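Beneath this line is the structure, given in structure tokens, with notes to follow.
Note that the structure is a prediction, hence the values are computed from the model and not measured.
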Amino acid sequence: MSPRSLADHVNTFQGTDSHLAFSKGNTLPLTTRPHGMVGWIPQTDPGSWPFDYRSPTLQGFRATHQPSPWIGDYGNFLLLLGSGPQPPLTIIDGESYYPKSETIARPHYFRTRLVRHDIVAEIAPTERGAHFRFTYAPRENTWLTFRPAAGKILSVDRDRRIVLGVSTAIAPGAAVPGEFGCFFAAELSAPFLDFNILDVNGAPPAPDDPAQLVWLKLGRPADGRITAKIATSFISADQALLNLRRELGDASFDETRAAAEADWNYRLAAIEIEGATDAQRQTFYGCLYRSLLYPRIAHEFDATGVQLHRSFFHPEGAVAPGPLYTDIGFWDAHRSLMPLLTLIAPEQHGEMIQGWVNTFQEGGWLPSWASPGYIPCMVGSHAGVAIADAYLKGIRNFDIATAYAAVRHDATQEPPSFACGRSGLSRFNELGWVPDDEFDHSAARTCDYAFGDFGAGQFARALGHHADADRFLRRALNYRSIFDARVGFLRGRNADGSFPPGFREFAWSRDYIEGGPWQHTWSAPHDAAGLATLMGGEDVFVAKLDQMLALPPHFEIGRYHATIHEMTEMAAVPFGQYAHSNEPVHHVLPLFTAAGRPDRTQYWVRRVLNELYSPDAFCGDEDNGAMASWFILHSLGLYALTPGHPAWILGSPLFESATVRLPDGGAFRIRAEHQAPDACYVADVKLNRTSVSSLELPHAAITDGTELVFSMSRSPDLARQRGSLARPFSLSTTA
């Protein structure tokens with residue numbers, strides 16, 4: 001591995017020292033390719049938290065698709081290793097101490113030593129599989145066991161040294177139509193001296209047994225090195241074999257590792273930074289790695305190179321043409337991950353959108369949370385916002401007409417369940433809000449539906465659908481209907497127009513979701529000026545933001561009936577009611593800028609970057625790249641306050657310089673003059689040597705040869721900020 005390899009700066013253990021009551025990321029140490037269809041982890045537990053950094057032992061190596069411990073895994077299977085008198089059949093048999101000091105955990109390469117079995121295990125990933133290398137010491141036996149979480153061993157070909165299997169494991173609540181399975185094909189370099197297919201209890205399996213395993217007794221070569229090439233498919237065992245030939249072929253382990261490293265280095269080099277400390281560089285590229293994991297590729301290629309996928313949304317689970325991406329929660333990802341992808345991976349982002357258009361055509365709805373099919377989790381229909389944002393930023397490599405039909409459909413039709421669309425939409429349209437006495441999370445739904453309408457309206461306007469645009473953009477202001485001037489917060493409102501009695505500003509009550517009034521009252525990122533007007537003007541608005549950050553981190557458990565980890569994580573850091581550990585506040589600090597006080601944004605963002613991120617941990621759940629992409633964008637001095645409006649809020653860059661690679665081969669360069677650890681304020685911004693007179697930068701300004709230069713200062717220039725700089729976009733102040 002080259003000492004200049006960007007992938008070497010990434011520690012995939014970042015965020016894994018987490019547990020149910022307190023999250024430092026709730027991440028997995030995934031060895032995979034960018035947006036890879038499958039990831040590989042050392043398993044320390046068979047449940048929803050399959051890896052815990054604090055565990056001194058691991059049980060085996062797991063093929064995983066889990067996007068979050070709160071969602072669960074699917075299609076997973078486990079490799080167990082052993083060298084004793086009996087083959088490893090259970091996780092207890094495979095369990096071994098592994099020394100952290102001898103472990104390498106990188107995106108492209110994992111290596112550790114299983115002390116109990118005296119085996120060195122290495123992994124190098126491909127897009128749909130992996131190359132394993134196991135070095136066995138000269139002990140009594142050489143065992144390898146394949147154990148699907150559920151499913152079957154389909155065949156063992158002793159002559160060709162190939163094992164075929166399928167995992168039918170599916171997380172609770174994951175609705176996948178048709179017959180689901182993750183097929184896998186494994187080719188071993190060592191001869192099979194013996195093997196046996198058993199049920200999970202070690203007995204011969206019945207024909208209809210839902211869980212099987214196979215142990216292999218392998219012939220150990222003189223150097224002890226045995227490789228296993230493994231590929232997966234959601235389509236068939238034959239397709240898994242095809243993926244094996246295409247992605248691994250005749251490559252050696254070192255060649256697979258080098259290819260994976262080159263892939264990651266190319267993707268990480270989308271942004272190159274200068275002037276960072278070692279810790280900052282590790283944090284930055286760790287966050288960029290996290291931003292390139294989700295959504296996951298779910299499509300494959302047939303023998304002729306045609307792109308196809310097993311649909312997780314079609315009523316019969318049919319195989320359909322074209323791309324598919326899954327394992328993504330748009331409630332989390334629309335705020336910063338999707339905007340980041342428009343900047344650093346626009347071509348692939350367009351393919352992702354086409355995949356979600358395919359989801360709509362096959363299942364009738366855009367995904368809100370997909371893993372692998374529709375999941376009833378969180379609220380809103382933010383895929384439409386992501387699609388609108390991409391289109392308005394010039395990304396067009398998807399079926400635009402069908403994409404608009406999908407966005408319009410989800411903005412106008414009441415869904416059949418909570419797994420898609422906007423539950424309570426008809427009441428939102430009728431009343432102007434989602435009634436609190438009829439729906440949980442009514443205030444959160446009202447705000448999210450209003451923002452969804454903003455995205456739909458922007459998309460409609462750009463395409464010339466003016467009647468739709470007028471309707472959606474009017475509804476985008478419906479958040480105003482739930483502002484209670486008596487208490488100064490957005491809150492739930494009943495169907496008869498009354499506000500429920502007994503308001504408590506610190507209660508995480510049923511009107512909100514994973515937060516309370518202080519976290520959700522800012523939920524109009526498309527109309528900061530309008531929200532400020534409701535509160536009494538910019539000065540009152542700024543004062544309330546300051547109050548949010550100055551208050552003690554007090555909370556009342558409200559509807560949750562017990563302390564949840566998001567509450568504890570808010571209380572654990574000195575940022576008042578600003579709960580950066582969860583996404584509802586991720587747009588809040590740029591609201592200072594929207595109100596003419598970018599110095600307050602600059603001060604607080606710099607503190608968050610320095611105090612709440614590290615090479616080892618996050619300050620809460622790193623949900624599908626949401627937490628990580630926030631760091632990336634703000635460290636560049638940019639943020640998408642309003643996805644669906646093609647512009648970037650100007651912030652305060654963390655590094656002396658950063659270069660963003662553009663798809664045409666050009667570069668967008670960001671420099672920070674007079675940069676210093678205590679110089680977080682911006683005295684001036686120049687675009688190609690011309691002073692910028694606005695607090696936001698149009699996306700179209702990021703073109704080949706563009707250079708953005710920030711002049712940094714240790715103190716803010718309040719007169720300049722409040723006087724000559726144009727405010728960012730707000731819907732109610734824009735014609």
If you look at every heavy atom in Leu366 and Gly384, which pair is closest and at what distance?
-> CD1-N, 4.3 Å

Where at least one partner belongs to residues 550-560, residue pairs that pass salt bridge (Lys or Arg N to Asp or Glu O under 4.0 Å), sequence neighbours excluded = Asp440-Arg559, Arg504-Glu556

Under 3.5 Å, is there a donor-acceptor pair linking the side chains of Ser711 and Glu673?
-> no

Side chain to side chain contact (heavy atoms under 4.5 Å, CB included) with Asn358: which residues, sequence neighbours excluded?
-> His309, Pro323, Gln354, Gln361, Glu362

Could you tell me whether Arg727 and Glu538 make a salt bridge, using a distance below 4.0 angstrom between a side-chain N and a carboxylate O?
-> yes

Interatomic distance, CD1@Ile344 vs CG@Leu662, rounded to 0.5 Å, equals 11.5 Å

Which of Asp448, Asp453, Asp410 passes side chain to side chain donor-acceptor pair (under 3.5 Å) with Arg422? Answer is Asp453

Looking just at side-chain N and O atoms, do Asn688 and Thr690 make a donor-acceptor pair shorter than 3.5 Å?
-> no

May I ask you to decide whether Lys686 forms a salt bridge with Asp684, counting only side-chain N to carboxylate O separations under 4.0 Å?
-> yes

Taking salt bridge (Lys or Arg N to Asp or Glu O under 4.0 Å) as the test, write out the residues that go with Arg491, two or more places apart.
-> Asp484

Without hydrogens or angle criteria, can the side chains of Tyr578 and Gln519 be said to hold a donor-acceptor pair below 3.5 Å?
-> no

For residues Phe330 and Pro367, report the shortest heavy-atom separation together with the two atoms involved.
-> CD1-O, 3.4 Å

Excluding sequence neighbours, so at least two apart, what forms side chain to side chain contact (heavy atoms under 4.5 Å, CB included) with Asp470?
-> Arg474

Please round to the nearest 0.5 Å and tell me the distance separating atom CD of Gln602 and atom OG1 of Thr593.
-> 6.5 Å

Examine the side chains of Tyr613 and His580 and answer whether a donor and an acceptor come within less than 3.5 Å of each other.
-> yes

So, His554 versus Gln577: side-chain donor-acceptor pair below 3.5 Å or not?
-> no

Can you give each donor-acceptor pair under 3.5 Å made by side-chain atoms of residues 386-398, sequence neighbours left out, with the distance rounded to 0.1 Å?
{"unit_1": "Asp389", "atom_1": "OD1", "unit_2": "Gly644", "atom_2": "N", "d": "2.9"}
{"unit_1": "Asp389", "atom_1": "OD2", "unit_2": "Lys393", "atom_2": "NZ", "d": "3.0"}
{"unit_1": "Lys393", "atom_1": "NZ", "unit_2": "Thr342", "atom_2": "OG1", "d": "3.3"}
{"unit_1": "Arg396", "atom_1": "NE", "unit_2": "Tyr391", "atom_2": "O", "d": "3.1"}
{"unit_1": "Arg396", "atom_1": "NH2", "unit_2": "Tyr391", "atom_2": "O", "d": "2.9"}
{"unit_1": "Asn397", "atom_1": "ND2", "unit_2": "Glu347", "atom_2": "O", "d": "2.9"}
{"unit_1": "Asn397", "atom_1": "ND2", "unit_2": "Glu347", "atom_2": "OE2", "d": "3.3"}

For Tyr479 and Asp527, test the side chains for any donor-to-acceptor distance below 3.5 angstrom and give the result as yes or no.
-> yes

Would you check if there is a donor-acceptor pair between the side chains of Asn582 and Glu514 at a distance under 3.5 Å?
-> yes

Close aromatic pair by centroid cut-off 6.0 Å: His465 and Phe459 | no

Any luck finding a side-chain donor-acceptor pair between Trp331 and Asp623 under 3.5 Å?
-> no

Neighbour count above 12 (heavy atom, 6.0 Å) for Phe483 CZ = yes

Side-chain donor/acceptor pairs under 3.5 Å, residues 400-407, sequence neighbours excluded:
{"unit_1": "Thr402", "atom_1": "OG1", "unit_2": "Asp399", "atom_2": "OD1", "d": "3.2"}
{"unit_1": "Thr402", "atom_1": "OG1", "unit_2": "Asp399", "atom_2": "OD2", "d": "2.7"}
{"unit_1": "Tyr404", "atom_1": "OH", "unit_2": "Asp468", "atom_2": "OD2", "d": "2.7"}

May I ask you to check if Arg597 and Phe592 form a cation-pi contact, with NZ or CZ under 6.0 angstrom from the six-membered ring centre and within 45° of the axis?
-> no

When rounded to the nearest 0.5 angstrom, what distance separates CH2 in Trp522 from CE in Met535?
-> 4.0 Å

May I ask you to check if Arg607 and Phe575 form a cation-pi contact, with NZ or CZ under 6.0 angstrom from the six-membered ring centre and within 45° of the axis?
-> yes

